[in-house]
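Comments concern the structure below.
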Amino acid sequence: MATILLLSGPNLNLLGTREPHIYGSDTLDDCVGDARAAAEAHGHALEHVQSNHEGDLVEAIQGARDRCAAIVINPGAYTHSSYAIADALAAYSGVKVELHLSNPASREEWRRTSVVAAYVTGTVAGFGRAGYRLAVEAAAARLGDA
Ligand code: DQA
């Protein structure tokens with residue numbers, strides 16, 4: 001059994017009421033519940049951390065080294081700006097899945113660059129709440145048990 005760390009960046013705590021036409025009306029708890037169910041279906045545990053602060057996310061990634069087999073991260077807007085999170089991911093050698101509810105590549109110009117994309121195993125984007133299950137299944141597949 002492995003531990004998968006799910007990280008949620010800024011403003012994701014507002015899911016359910018935040019621009020529901022883009023992000024849907026399900027809450028972060030709903031999404032985390034789906035991710036946890038998917039992890040447990042593969043015999044893994046899931047930990048979740050949400051923070052609106054860049055340093056908290058960096059520390060959570062550092063804390064996953066040698067402890068968690070995979071990280072699924074929706075960095076929110078830090079996707080497009082945080083070299084600190086990119087560096088932390090580069091220093092983490094486990095499986096890494098970048099996750100987005102929306103498809104940033106089809107939105108505003110500034111969302112079309114991900115500074116973390118070069119440091120992840122792969123990306124799940126554009127599938128809304130279902131992406132949480134898909135991202136965990138992708139991580140589990142890479143861990144060799146799906
Ligand atoms: C997001 C996309 C980002 O551009 C945005 O800043 C978010 C959410 C998504 O899940 O679609 O906060 O990561």
Side-chain angles (χ1 to χ4, degrees), residues 2-42 44-65 68-143 146:
T3 299
I4 298 173
L5 176 64
L6 173 63
L7 286 176
S8 301
N11 299 306
L12 292 170
N13 54 311
L14 300 180
L15 282 182
T17 56
R18 173 194 183 196
E19 298 180 278
H21 56 292
I22 297 173
Y23 298 115
S25 52
D26 297 312
T27 66
L28 184 58
D29 279 350
D30 294 330
C31 296
V32 174
D34 289 355
R36 179 163 287 119
E40 289 174 355
H42 290 282
H44 301 313
L46 185 118
E47 286 179 16
H48 177 240
V49 173
Q50 189 278 327
S51 179
N52 295 322
H53 303 282
E54 186 177 28
D56 289 347
L57 297 166
V58 169
E59 287 183 356
I61 295 166
Q62 290 182 6
R65 286 156 56 94
C68 301
I71 294 175
V72 174
I73 180 167
N74 183 345
Y78 285 137
T79 303
H80 318 295
S81 65
S82 177
Y83 296 123
I85 290 173
D87 273 351
L89 288 170
Y92 173 82
S93 59
V95 174
K96 294 162 270 192
V97 182
E98 179 182 347
L99 170 64
H100 301 285
L101 290 142
S102 67
N103 180 5
S106 68
R107 300 180 61 195
E108 302 97 311
E109 186 68 39
W110 64 269
R111 293 186 204 274
R112 295 182 195 166
T113 298
S114 166
V115 301
V116 306
Y119 306 102
V120 297
T121 312
T123 300
V124 173
F127 298 101
R129 174 177 173 175
Y132 283 78
R133 172 179 55 80
L134 296 170
V136 168
E137 287 177 351
R142 262 308 170 100
L143 292 174

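In each ligand, atom 1 is the first atom listed, and ligand 1 is the first ligand listed.
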Does the plane of the ring in His80 sit parallel, tilted or perpendicular to the ring in His100? Use 30° and 60° as the thresholds. parallel
Option among Val120, Ile73, Ile61 that satisfies the side chain to side chain contact (heavy atoms under 4.5 Å, CB included) test with Tyr92: Ile61
Is there a side-chain contact between Pro104 and Thr79 (heavy atoms, below 4.5 Å)? no
Distances only, to 0.1 Å: what are the N or O pairs between ligand 1 and the protein that fall under 3.5 Å?
unit_1, atom_1, unit_2, atom_2, d
ligand 1, 4 (O), His80, NE2, 2.7
ligand 1, 4 (O), Arg111, NH1, 2.9
ligand 1, 6 (O), Ala77, N, 3.2
ligand 1, 6 (O), Arg111, NH1, 3.1
ligand 1, 10 (O), Asn74, ND2, 2.8
ligand 1, 10 (O), Leu101, N, 2.8
ligand 1, 11 (O), Leu101, N, 3.3
ligand 1, 11 (O), Ser102, N, 2.9
ligand 1, 11 (O), Ser102, OG, 2.6
ligand 1, 12 (O), Arg18, NH1, 3.1
ligand 1, 12 (O), Arg18, NH2, 3.0
ligand 1, 13 (O), Asn74, OD1, 2.8
ligand 1, 13 (O), His100, ND1, 2.8

With respect to Glu109, which candidate in Arg107, Arg111, Arg112 satisfies the salt bridge (charged side-chain N to carboxylate O under 4.0 Å, His left out) definition? Arg112
Answer whether the closest heavy-atom distance between the side chains of Tyr78 and Val115 falls below 4.5 Å. no
Please enumerate all residues that pass side chain to side chain donor-acceptor pair (under 3.5 Å) together with Asp87, with sequence neighbours excluded. none
